[in-house]
Amino acid sequence: MALSGKYDAKSVEKKWYNYWMDNNYFHSEVDEREAYTIVIPPPNVTGVLHMGHMLNNTIQDVLIRRARLNGYNACWVPGTDHASIATEAKVVAKLKEEGIDKNDLTREEFLEHAWEWTHKHGGIILEQLKKLGASCDWQRTAFTMDDNLSASVLKVFVDLYNKGLIYRGYRMVNWDPEAKTTLSDEEVIYEEKQGNLYYLTYKIEGSKDTLTIATTRPETIMGDTAICINPNDERFTHLKGKKAIIPIVNRSIAIIEDEYVDMEFGTGCLKVTPAHDPNDKTLGDKHQLEVIDIFNDDATLNSFGMHYEGKDRFVVRKEIVKELESIGALEKTETHLNKVGTSERTKAVIEPKLSDQWFLKMKDLAKPALDAVLDKDVHLVPEKFINTYRYWMENVRDWNISRQLWWGHQIPAYFYGDGKEDFVVAESREEALVLAKEKMGNTSLTDMDLRQDPDALDTWFSSWLWPMSVFNGILEPDNKEIKYYYPTNDLVTAPEILFFWVARMIIAGYEYRGEKPFTNVYLTGIVRDKQRRKMSKSLGNSPDPLDLIDQYGADGIRVGMLLSSPAGNDLMFDEDLCKQGSAFVNKIFNASKLVLGWDIDQNISQPEASAIAIDWYRSKFQKALVELENNYTKYRISDALMTTYKLIWDDFCGWLLEMIKPAYQSPIDIKTYQDVIAILEDNLKILHPFVPFISEEIWQQITDRKPEEALIISKWPLITSINEDVVKKFELAADVISGIRTIRKEKNIAFKETIELSVLNNESTDTSFDPVISKLGNISSLRYVSKKMEGVISFRVKSNEYFVPISGTINVEEEIKKLTDELTYTEGFLKSVQKKLQNERFVNNAPEQVIANERKKEADAMAKITTLKSSLDNLK
RNA sequence: GGGCGCUUAGCUCAGUUGGUUCAGAGCACUUGGUUUACACCCAAGGGGUCGGGGGUUCGAAUCCCUCAGCGCCCACCA
């Protein structure tokens with residue numbers, strides 16, 4: 001079958017993706033082969049594909065396709081994450097547009113909207129992945145809120161609770177007064193803001209003395225319950241044991257001592273407001289201070305705010321400063337740069353707030369997960385992330401797993417009374433009732449008396465089980481799938497979620513299977529634009545991936561993404577890379593078109609040039625295979641691509657095809673044809689992970705294939721032997737051809753004009769590539785001569801000299817200058833080599849190999865100088 | 001404030017344990033080209049004192065120190 005015209009990526013990609021799907025090649029079942037598994041980092045269920053996904057999933061697809069070709073039972077599990085807060089925010093926003101306020105809805109009503117939204121938008125992103133060519137096992141598509149995955153979450157929660165690892169605590173959390181919800185630390189963005197530092201004067205009880213504190217938040221003085229000084233601060237020894245009086249409020253508070261106070265900052269005196277500052281809370285707990293919360297949920301002041309009640313915190317700040325000034329309690333105001341936490345979504349300034357939350361004790365859980373990475377049992381790529389990982393794991397803090405949200409897994413804790421401890425934790429309401437009855441000793445308790453905790457679990461509390469839950473390994477720990485596919489092989493994800501997700505998956509893996517969830521973690525970089533800005537929707541600097549696929553083809557994008565993306569480094573995305581990618585695809589197409597378009601003549605024998613060329617390419621290919629193996633094992637995907645790219649473009653297209661190409665409209669001999677087809681097929685195999693579509697297309701065009709003969713499930717070429725000798729001989733020939741081309745260019749000799757070439761052999765040289773030289777140099781006759789020729793242009797390769805007689809006069813001056821320059825350079829080079837060899841310390845200390853090389857350089861240089869000199873003599 | 005990392009050709013990056021082929025690749029650039037698979041092409045070129053300075057060594061892009069610039073992660077000094 002012949003190819004013709006231009007490559008039509010769109011129709012080809014559609015055709016083969018459907019073919020792969022129809023033949024179920026992506027699907028994996030437990031069998032006797034070794035498994036190779038990847039679980040996808042589940043994107044947000046209602047998300048759309050962005051450039052980060054493109055990079056991520058391209059890499060995963062390359063790995064999974066290569067594993068498939070290598071004979072593994074390759075299984076790539078796709079799926080989506082319910083993304084609790086992100087999705088809930090979208091639903092709230094959408095409802096708002098429709099004039100519905102979340103607060104007016106019941107939980108059930110809201111969830112109905114959320115599910116509707118999920119069903120409408122859910123999975124769009126997975127459809128987009130198909131366009132990219134992702135060979136996921138779609139029959140295994142999972143969602144973190146699927147029944148069995150949800151059940152897994154509850155089972156784990158109950159289990160950890162029963163182990164005493166989950167507890168309920170009254171803690172300070174991030175409060176978004178605009179959305180009236182708490183936020184996770186990750187959703188708080190700290191921004192540097194120019195603010196003020198106010199110096200406030202407090203009177204000392206029973207004395208004329210005063211003390212001055214510095215604060216950024218004068219409006220919180222109503223919540224002050226102590227003043228703190230450093231016990232080592234000699235300036236304040238007179239204050240020890242005294243009490244201070246809050247201005248305006250006129251309440252007296254203790255002066256406590258704690259080394260926490262930085263003597264250098266401000267005045268060295270600190271006002272303590274345990275309800276509104278995490279550090280103050282810690283201090284308060286330590287010194288058993290009263291906690292006075294002065295804010296309402298919307299960050300207006302409550303009744304503790306006295307005459308400021310009902311006013312917003314920032315309004316109060318302005319007003320109270322004036323009042324303080326008027327009563328002489330404001331000593332001074334300084335500008336002060338501080339970091340203010342703001343809500344990622346509402347931009348509201350976060351208010352620290354105390355509330356009841358659920359926590360998971362992390363320290364003991366983290367231990368095996370830390371060791372796994374340090375021992376390289378779980379291998380982070382690149383390794384630079386190991387340090388960060390260790391630091392985080394060694395300083396891991398308890399994980400706040402509750403969120404004041406509805407969308408997600410509702411915490412399976414059931415309250416049956418009003419006391420803080422009047423609750424039970426169970427996988428189901430029925431169990432909870434039983435437990436509650438037991439706990440209370442009250443058999444009259446009914447289902448009606450149970451109130452489930454309204455909070456939902458942190459999204460990561462479900463995704464940390466992902467590598468297990470997708471194989472149902474939590475609910476049925478002994479099922480054959482989890483035993484077969486777990487631990488998975490590679491995880492490809494972004495470093496941003498190393499802690500939130502990767503570390504926690506490792507933790508969960510050891511806790512629930514006593515084994516790591518994956519062997520390698522490939523951390524990609526962030527996709528940035530040319531100006532190094534992170535690509536984001538809000539900046540509008542991210543191209544639409546689907547438009548790109550439309551324009552450059554999926555294969556083109558895949559190559560474009562991979563051309564410059566070493567692990568862990570950010571990727572400076574440039575559309576030109578996609579252009580280069582589609583140019584590569586075009587090159588593959590055209591080369592195949594050439595080969596498949598040849599007419600075969602059974603009766604002509606194989607030209608010498610073709611025989612040697614094919615011999616050479618086979619060795620070149622083998623060398624590339626070895627290099628690829630090395631690249632892939634080190635997860636150097638870009639290098640693997642570049643190795644393939646150069647092999648195909650330069651060696652296959654640039655050299656091999658040119659060497660064997662029959663004259664225009666002439667037929668090719670059968671032997672060469674068959675050899676080239678075999679080579680082409682091997683090429684397609686190593687190309688396939690990067691450019692799955694075009695490679696399958698060409699593969700199928702070569703001959704009719706049965707479904708079990710598709711490229712996607714073919715066998716990766718074997719590494720056999722490399723003939724280094726022929727590779728070396730070729731390189732010499734290539735240098736000669738290059739020399740001829742240079743002369744043609746310098747002397748303006750068109751290619752179609754044949755030239756004669758004479759060779760003076762100064763070292764034993766093989767002649768096997770002479771037919772190739774003649775063909776690619778368009779040489780009419782290639783002769784060996786025994787002495788220098790005169791009146792000709794010459795060039796040297798190694799110590800051989802080549803002479804090209806040309807018509808017309810030779811510019812002797814020019815030739816002399818060229819030769820002289822080369823001679824000067826070579827002499828200088830020889831000098832430096834000899835200097836090195838005369839250095840005794842070098843000769844005594846350097847390894848033999850290195851010295852031998854220097855001696856060879858010396859000999860080569862001397863030989864070259866001899867030939868250069870005699871050439872010069874001839875010209876003069 | 002603490003920790004980690006980076007700085008090599010105009011751009012994006014390789015450079016394994018210091019020593020053949022160590023100063024490289026791809027792109028871009030310059031020049032030339034109907035060499036009928038491909039101008040998404042072919043060929044030939046130019047381009048870097050490896051961020052600055054110092055040290056160790058026979059020998060440093062590579063190891064050490066120091067300075068400068070950049071990036072990331074962690075941390076709410078009121």
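A, B, ... follow the sequence lines: proteins, then strands. Residue 1 opens every chain.
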**Carboxylate-amine/guanidinium proximity below 4.0 Å for E731(A) and K729(A)** =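 The answer is no: the pair does not qualify as a salt bridge.
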**Asked** Is it true that K281(A) and D277(A) make a salt bridge, defined as a side-chain N closer than 4.0 Å to a carboxylate O?
**Response**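 Result for this pair is no, no salt bridge flagged.
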Can you sort out the partners of [X] under side chain to side chain contact (heavy atoms under 4.5 Å, CB included), two or more places apart, ordered by chain and number?
X       : answer
A640(A) : L628(A), N631(A), Y632(A), F690(A)
I386(A) : V373(A), L374(A), K376(A), L380(A), E383(A)
Q551(A) : E575(A)

Listed nucleotide nearest any side-chain atom of [X], set [options]:
X       : options                   : result
T742(A) : rA78(B), rC74(B), rG45(B) : rG45(B)
H336(A) : rC76(B), rA78(B), rC73(B) : rA78(B)
F499(A) : rC74(B), rA44(B), rA78(B) : rC74(B)

**Item:** I737(A) vs D650(A), nearer the 5' end of RNA chain B by closest nucleotide
**Value:**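 Final value for this comparison: D650(A).
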**Asked** Between L197(A) and Y391(A), which has a closest nucleotide on RNA chain B that is more 5'?
**Response**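 So the residue in question is Y391(A).
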Give me the distance, rounded to whole Å, that separates [N] from [M] when you measure between the [atom1] atoms they each carry.
N       : M       : atom1 : answer
rC41(B) : rU35(B) : C1'   : 11 Å
rU7(B)  : rG48(B) : C1'   : 14 Å
rG10(B) : rG5(B)  : C1'   : 25 Å
rU56(B) : rU62(B) : P     : 15 Å
rA43(B) : rA39(B) : C1'   : 13 Å
rA9(B)  : rG15(B) : P     : 15 Å
rC29(B) : rC72(B) : C1'   : 34 Å
rU8(B)  : rC70(B) : P     : 15 Å

**Asked** Counting only side-chain N and O atoms of Y645(A), is one of them less than 4.0 Å from OP1 or OP2 of rC27(B)?
**Response**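 Yes, because at least one side-chain N or O of Y645(A) sits under 4.0 Å from OP1 or OP2 of rC27(B).
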**Prompt:** Any side-chain N or O of S638(A) under 4.0 Å from OP1/OP2 of rC13(B)?
**Reply:**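 So the side chain of S638(A) is outside the cut-off, no N or O lying under 4.0 Å from OP1 or OP2 of rC13(B).
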**Request:** Output every pair passing salt bridge (charged side-chain N to carboxylate O under 4.0 Å, His left out) with a member in residues 649-665 of chain A, not counting sequence neighbours, ordered by first then second residue.
**Result:**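 Non-adjacent pairs meeting salt bridge (charged side-chain N to carboxylate O under 4.0 Å, His left out): E658(A)-K661(A).
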**Item:** Residue pairs, two or more places apart or on separate chains, that pass salt bridge (charged side-chain N to carboxylate O under 4.0 Å, His left out) and touch residues 626-637 of chain A
**Value:**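 Matches after skipping sequence neighbours: R66(A)-E629(A), R636(A)-D639(A).
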**Message:** Run the salt bridge (Lys or Arg N to Asp or Glu O under 4.0 Å) test against D574(A) and tell me which residues pass, sequence neighbours left out.
**Reply:**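 Per chain and number, D574(A) pairs via salt bridge (Lys or Arg N to Asp or Glu O under 4.0 Å) with K530(A).
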**Asked** What residues form a salt bridge (Lys or Arg N to Asp or Glu O under 4.0 Å) with E331(A), not counting sequence neighbours?
**Response**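 For E331(A), no residue satisfies salt bridge (Lys or Arg N to Asp or Glu O under 4.0 Å) once neighbours in sequence are set aside.
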Nearest-angstrom distance from the residue atom [atom1] of [X] to [atom2] of [N]:
X       : N       : atom1 : atom2 : value
L270(A) : rC76(B) : CG    : P     : 16 Å
L380(A) : rC72(B) : CG    : C1'   : 16 Å
I588(A) : rC41(B) : CD1   : P     : 13 Å
Q580(A) : rC13(B) : CD    : C1'   : 13 Å
M572(A) : rC6(B)  : CE    : C1'   : 11 Å
L523(A) : rC72(B) : CG    : P     : 17 Å
D574(A) : rA28(B) : CG    : C1'   : 10 Å
D277(A) : rC76(B) : CG    : P     : 11 Å

Within the structure shown, what part of the strands sits under 4.0 Å from [X] by heavy-atom distance: base, sugar-phosphate, or nothing?
X       : answer
D262(A) : base
T273(A) : nothing
P352(A) : base
V595(A) : nothing

**Asked** Does the ring pair (Phe, Tyr, Trp, His ring centres under 6.0 Å) test come out yes or no for Y635(A) and H379(A), once each step is laid out?
**Response** CA-CA 11 Å; Y635(A) 290 86; H379(A) 191 213; 7.6 Å; no
**Prompt:** For residues E257(A) and N230(A), is any side-chain donor paired with an opposing acceptor at under 3.5 Å?
**Reply:**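 Note: E257(A) and N230(A) side chains miss the donor-acceptor criterion.
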**Asked** Hey, are Y260(A) and D258(A) close enough side-chain-wise for a donor-acceptor pair under 3.5 Å?
**Response**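 No, because no side-chain N or O of D258(A) sits under 3.5 Å from a partner of the opposite role on Y260(A).
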**Base-pair map of RNA chain B as dot-bracket, where | denotes pairing with a different strand and pairs are Watson-Crick or G-U under 3.5 Å** = (((((((..((((.....[....)))).(((((.......))))).....(((((..]....))))))))))))....
**side-chain hydrogen bond (donor to acceptor under 3.5 Å, both in side chains) partners of residues 213-229 of chain A, not counting sequence neighbours, each pair once** =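 Qualifying pairs, neighbours excluded: Y202(A)-D224(A), R217(A)-E219(A), R217(A)-E351(A), E219(A)-R317(A), T220(A)-K271(A), D224(A)-K271(A), D224(A)-T273(A).
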**Shortest non-hydrogen separation from L656(A) to A613(A) and the atoms involved** =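 Looks like CD1-O, 3.6 Å.
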**Prompt:** For the residue pair E724(A) and K623(A), what are the closest heavy atoms and their distance?
**Reply:**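 Residues E724(A) and K623(A), closest heavy atoms: OE1-NZ, 2.9 Å.
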**Fill in**
A correct 5'-to-3' footprint of nucleotides 15-25 of chain B, with B, S and - meaning base, sugar-phosphate only and no protein heavy atom under 4.0 Å, is SB--BBS---S
**Prompt:** Quick one: what's the B/S/- string for nucleotides 35-40 of chain B, heavy-atom cutoff under 4.0 Å, read 5' to 3'?
**Reply:** -BBB-B
**Prompt:** By a strict heavy-atom criterion of less than 4.0 Å, which residues belonging to residues 392-400 of chain A are in contact with RNA chain B?
**Reply:**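 Of all residues in residues 392-400 of chain A, the ones placing a heavy atom under 4.0 Å from RNA chain B are R397(A).
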**Item:** Flag if over 12 foreign heavy atoms under 6.0 Å of NZ, K728(A)
**Value:**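 Check fails, neighbour count at 12 or below.
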